[in-house]
Structures are given as structure tokens and as C-alpha cells.
2 protein chains.
Amino acid sequence: MSRTVGSSGPKTLAAIREAGLQLIYKDGYEAMSLRQLATRVGLQPGSLYNHIANKQDLLFDLIHNHMVALLARIEIDLQGIEDPLEALKAFTAFHLTYHIERKREVFIGSAELRSLTPKNRKIIVGLRRKYEDRLCDILERGVARKQFALEDIRVSAYAILAMLTGICTWYNPKGPMDRDTLIRVHTGLVLDGVTPSR
Amino acid sequence: MSRTVGSSGPKTLAAIREAGLQLIYKDGYEAMSLRQLATRVGLQPGSLYNHIANKQDLLFDLIHNHMVALLARIEIDLQGIEDPLEALKAFTAFHLTYHIERKREVFIGSAELRSLTPKNRKIIVGLRRKYEDRLCDILERGVARKQFALEDIRVSAYAILAMLTGICTWYNPKGPMDRDTLIRVHTGLVLDGVTPSR
DNA sequence: CAATTAAATGAACGTATGTTTGTTTTTATA
DNA sequence: TATAAAAACAAACATACGTTCATTTAATTG
């Protein structure tokens, strides 16, 4: 046999990406074999190379796509919001929504940083930094206006991000808690931790 | 050659554990080969099996030891503290201290859960749950006494744990921030997020 | 519709992996 | 001090991995 009936490049690539996402999320990059991946897509192992350069490139593409989408969408959600408090609320809501919607990408994006080539890792870390900076900006402006009281901007930003991101490791959309409640509870935690009320 | 001069069982096992900790922390469980491990300890690959049952067992032992130590030490630090606010402060300080001191064990303990056999994973998840419950107890008692105001105990506990644990992924003890400052900043964040002041 | 490109196949390559075995020598035990 | 146990070695096993290659056939293009 050879080229199969109905085969189309873009469709196969999309299937490879989706299967890769599933397998890396479940087992990790190192634990996923290309034979496993090929089987799930319905291909022979070698056929993968018609669509990806190699295993490492697949991982990088998945993470890179995710980071670019993340940065694009936070810009949209923050556009036009001047007040730091409102911006922080918007940031929290966006971050939680995105991390629930794209749970797997987010998880892989941090858990598999170590599996990236140094060169590839550098690129991704740079993009992550841009996202962190977006939150730091908000906190800084809030402190400047005396709306927030924070001893160390970057440490606070990391703490907030860690808290919000940590949620995606346990949140189950089919569980008892719906998305809005989740957002409300965590927005409360973030705002209380930031306001100079006490 | 054969048995080498000065060789002793317990010492070699300790060396294997330490090297395993280093390698798994740096590269991940799947990425670490037993040949790499043996080289670092100064052994032939096969000799490892005089001390460990197999690769999976080494991972489980490392994580299990860590969890048992964690549970033992939190009990000591919370002993005799009645006031929920004080208990929460003590919990935060302990958690941060332990997670800085035993950064590698903590990281492996959550990042490599997926690499455990289902049976082994069940045991570890059970121990983690016990630790989470310790924090839930404190929060619950605080809410009962109206010292804390929280909508959902377990979600709040997860949020706090995520925030505090996230720190160990970026904290550098040789960086500009010392341990006490770190604890002070984060205790502030946790307490503000929990108190009914607003 | 002919020519070219794209996408699959099956087989193989070289290498690395976790683990087992038989043997040897040192350490511990009785 | 004789004997048993422990801890190392060297060599090998079976298997799995990522990747390449020549080939075939379907889809696309001029």
C-alpha cells in the first residue's frame, strides 16, 4: 500500500497535534513514543515525518502556539482598561478562563520546559516573561496610585500567577464548582491580598 | 574486578538516592537512564540492583520518604497551637521553609506523580491529601470562629497551597531576597486573602 | 489529461534502555 | 578463622526508540 484515499496534509497535521497534546499531557514528552503517537493518528511511525521535522519540533510547536495565543488574547482582554483594580480583575478572570479552557497546553507549557532544547527553551521563557510583565505593569500602576500596597512587585506577581495557575492542576469542569464561582472566589483572594485595607 | 575495597551497602544506597534526586530533578524520571545514574555513583549499571529493586521503586522511595517527612514535620510545628490565625501563620512559615530546603524532593513529588505506577500513585496521593487536610482543618476552625471568611474551604486551601508551592519553582536562595522576607511577604498575602476585613 | 507533488507504506538502521546472569572478591558472621 | 553473605564486575539479553529510505499511489497542478 501507499498514499491512502482521502488523505490530506493539514488534516493529518491537526490530528498529530491533537494526539500529541493528549499523550504529552497524560504521560509526558519523554514517555510518549512516536509509535504510540502514530498509532493514535492511524499512521506508520515514519509517516509522521511528512508533517513534522522531528519529535522535539512537535513539542516546541505545541508550546509556541500556545504562548503566542496567550499573549494575543490577554492584550485583547486588557485593551482600554485604565483602572489598575479593574485591570487586575480582568487579568484574573482571563487567566482562569484560559487556563481552564486550554488546560493541557498550559500544563505542557510549564511541565515540559525542561524537555526543550536550550535554544527553544530560551524562546519560550522569553514569551512567558512578557506575560508576567503584563501583570507586573498592572501591579506597579496600582501601587503608584496607592490603590495597591505591595512590598515587592515581581514576587507578588509570581505568587498570584502561581496561585491561579495551580488551579488548572486540580480543577475539573465536570465537578461541583462552576467556572463563575471559581473566578469569584479567586478574584476575592487576589484582591484582598493586594489591597491596603488592613 | 568484583567487590571493591571499602564498599558498604548503606553508603552506596545513600549515594544512589542523592544522585537520583539530582538527575530526576534536572532531567525528569523518564529522561534519566540508569547508566547515567550508575556513572554518577561510580558503579556499573547492574550493580544498582544490589540496592534498589528497579527504577520505579527508586522513584517511589524518594517520593514516599519525602511525604512521610513532610507529614511528620508539620505535626511538630503545629503542635499546641490553638488559635487558627497563629496556626495559619505557622503553616505558611513551615511550608515555605520546607519547600525551600527540600526544593528537589517537593518538585519531584508533584511533577513525577505521573511516572508512578497506579498503585504507587494512589499511596502518594493519599499522603498528599492528609497534608491538604491539615490546612483545611485550620481554615475550617478559623471560619467557625469568624476569624476567617471563606466561601469554599477546600478551594481556598488549594489556592493557598498552589501559591506557596509555586514559589519553589522560581525561588533562588542565592538571589536578592532572603528567606525571612519571602515568608513575611507571603504570610501577608495569605492572611489578607483570608481575613474578613473588607 | 499528463506531469508533478504530497502523503502514505513497510522495512530497516543504529543506538539506547532496563534488567538478568554468572562470577569474583571483600566484608560480616558464627 | 572458616563460612556465609554482600557488593561489586563484565557481559549479555530482549526490546524499544527516533529516524531514514526506497517505493507506491492518491491528489493537485499546468
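Each chain gets a letter, A, B and so on, in the order its sequence line appears, and its residues count up from 1. As the structure is a prediction and not an experimental result, all values here were calculated from the model.
In this entry the distance linking CD of B:Q56 with C1' of C:dT17 reads 16 Å, nearest Å. For the pair A:D57 CG and D:dG18 C1', the computed distance is 14 Å after rounding to whole Å. Atoms OH (A:Y49) and P (D:dT23) sit 21 Å apart, rounded to a whole Å. Look at CD on B:E30: it is 15 Å from C1' on D:dG18, rounded to the nearest Å.
Between A:K55 and A:E112, no side-chain nitrogen of the basic residue sits less than 4.0 Å from a carboxylate oxygen of the acidic one, so the salt-bridge criterion is not met.
Applying the side chain to side chain contact (heavy atoms under 4.5 Å, CB included) rule to A:Q44 yields the partners A:S47; only residues at least two apart in sequence or on another chain are considered. Every side chain to side chain contact (heavy atoms under 4.5 Å, CB included) that A:L116 has, sequence neighbours left out, goes to A:Q56, A:L59, A:F60, A:I63, A:L113, A:N120, A:R121, A:I124. For A:T39, there are no side chain to side chain contact (heavy atoms under 4.5 Å, CB included) partners at least two apart in sequence or on another chain. Listed by chain and number, the residues in a side chain to side chain contact (heavy atoms under 4.5 Å, CB included) with A:A19 are A:L37, A:R40, A:V41 (sequence neighbours excluded). In this structure A:R128 satisfies the salt bridge (Lys or Arg N to Asp or Glu O under 4.0 Å) test with no other residue, sequence neighbours excluded. Evaluation of the ring pair (Phe, Tyr, Trp, His ring centres under 6.0 Å) rule for A:H66 yields A:Y98 as partners, not counting sequence neighbours.
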For residues 68-86 of chain B, which side-chain N or O atoms pair as donor and acceptor with protein atoms under 3.5 Å away, sequence neighbours left out?
residue	atom	partner	partner atom	Å
B:E75	OE2	B:R134	NE	2.6
B:D83	OD1	B:Q147	NE2	3.0
B:D83	OD2	B:E86	N	3.3

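The listed nucleotides are C:dG18, C:dT25, D:dT25; the one nearest the side chain of B:S2 is C:dT25.
When all heavy atoms of B:I183 and B:T187 are compared, the pair lying nearest together is O-OG1, 2.5 Å.
The ring pair (Phe, Tyr, Trp, His ring centres under 6.0 Å) analysis of residues 8-33 of chain A, with sequence neighbours excluded, yields the pairs A:Y25-A:F107. Applying the ring pair (Phe, Tyr, Trp, His ring centres under 6.0 Å) rule to pairs touching residues 110-129 of chain B yields nothing, sequence neighbours excluded.
Within residues 31-48 of chain A, the residues having any heavy atom closer than 4.0 Å to DNA chain C are, in order of number, A:R35, A:L43, A:Q44, A:S47. Residues from residues 11-21 of chain A placing a heavy atom under 4.0 Å of any atom in DNA chain D do not occur.
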Which protein N or O atoms sit under 3.5 Å from an N or O of nucleotides 2-5 of chain C?
none

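Residue A:N50 places a side-chain atom within donor-acceptor reach of the base of C:dA8, judged by atom type and a 3.5 Å distance cut-off alone.
Side-chain nitrogen and oxygen atoms of B:H51 include none within less than 4.0 Å of the OP1 or OP2 phosphate oxygen of D:dA6.
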